[in-house]
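Below you'll find the structure, written out as structure tokens, and then a few comments.
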Amino acid sequence: HMAMLPSGTVGYELAEDRRAWARQYGWDARGPEHPAEADVVFVTPGTERAVATALMIAAPGARVVLFAPLAPGLPTPLDLSGLYFRDLRISFSYSCGPEDTLAAFRAFEDKKVRAEQFVSEFIKLDELPGAYERMRAGKTLKPMVLFS
């Protein structure tokens, strides 16, 4: 059951094991070798390749939302002419605010979503450094720290 994702939502991921993890929850997870135009594109990793892929699959008039920044001071080449003539809009989303956090909490509380739909593994606080390294190496998707 796909939670809180509109019909037609597609996720792109480089690693096949991460795509398989997403598919087990009914998500349409594809590799970048299967591009399709999109009206709204959310870029969650802060990498040049992710931004370039987003700009490639953005349909004319699309909105591209960058969730994570690129490294500070990194020059980012953009084909401004191409963006202009395709009328793309780029916006940024730093994080969620109190209202978003409350809405997410209520969705979990009302059992509309389960953590397992968004979290790849549960870890203890002292396991956080190792989980972070696995995440950087692309070996895990999204660990969640349990404090009890």
Side-chain angles (χ1 to χ4, degrees), residues 1-72 74 76 78 82-83 86-148:
H1 159 93
M2 205 168 13
M4 298 172 37
L5 294 177
S7 168
T9 299
V10 176
Y12 289 92
E13 169 58 49
L14 297 177
E16 174 53 40
D17 58 336
R18 290 174 151 195
R19 291 193 300 265
W21 177 83
R23 285 188 203 112
Q24 75 182 348
Y25 293 102
W27 299 357
D28 185 352
R30 303 177 188 176
E33 64 277 4
H34 302 288
E37 282 194 337
D39 295 325
V40 179
V41 182
F42 288 90
V43 183
T44 55
T47 66
E48 283 186 77
R49 184 170 182 190
V51 172
T53 301
L55 295 175
M56 177 187 72
I57 66 173
R63 181 174 178 191
V64 177
V65 182
L66 303 179
F67 179 75
L70 296 175
L74 178 68
T76 306
L78 290 175
L83 296 176
R86 289 174 49 218
D87 196 25
L88 298 184
R89 292 168 287 151
I90 299 175
S91 58
F92 304 91
S93 173
Y94 177 67
S95 188
C96 60
E99 291 145 8
D100 298 313
T101 302
L102 181 59
F105 174 76
R106 287 194 175 135
F108 282 104
E109 188 176 56
D110 296 342
K111 300 190 183 338
K112 292 179 181 175
V113 295
R114 298 182 335 269
E116 292 84 359
Q117 293 173 286
F118 303 97
V119 177
S120 58
E121 68 178 297
F122 296 92
I123 61 171
K124 296 178 182 173
L125 186 59
D126 62 347
E127 297 172 315
L128 190 55
Y132 181 74
E133 288 305 315
R134 286 192 310 280
M135 205 165 57
R136 285 179 52 117
K139 296 181 179 173
T140 190
L141 181 61
K142 191 73 156 170
M144 178 182 223
V145 177
L146 298 175
F147 291 96
S148 56

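Quantities reported herein were computed from a predicted structural model and do not represent experimental measurements.
- Evaluation of the side chain to side chain donor-acceptor pair (under 3.5 Å) rule for T76 yields no partner, not counting sequence neighbours.
- Taking OG1 of T44 as the reference point, atom NZ of K142 lies at 8.5 Å (rounded to 0.5 Å).
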Side-chain donor-acceptor pairs of residues 54-71 under 3.5 Å, sequence neighbours excluded:
unit_1: R63; atom_1: NE; unit_2: S91; atom_2: OG; d: 3.0
unit_1: R63; atom_1: NH2; unit_2: S91; atom_2: OG; d: 3.2

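- In this structure, E33 has no side chain to side chain donor-acceptor pair (under 3.5 Å) partners at least two apart in sequence or on a different chain.
- If you take CG on D110 and CZ on F105, they are separated by 9.0 Å, rounding to the nearest 0.5 Å.
- Within a 6.0 Å radius of CZ in F42, other residues, nucleotides and ligands contribute 12 heavy atoms or fewer.
- Partners of V119 under the side-chain contact (heavy atoms from CB on, under 4.5 Å) rule, at least two apart in sequence or in another chain, are A115, F122, M144.
- In this structure, CZ on R89 lies 12.5 Å from CG on L83, to the nearest 0.5 angstrom.
- Enclosure of atom CG in D39 is not indicated, since only 12 or fewer non-hydrogen atoms of other residues, nucleotides or ligands lie within 6.0 angstrom.
- Residues passing the salt bridge (Lys or Arg N to Asp or Glu O under 4.0 Å) test with E16 are R19, R23, sequence neighbours excluded.
- Considering only residues two or more places apart in sequence or on other chains, T53 meets the side chain to side chain donor-acceptor pair (under 3.5 Å) condition with none of them.
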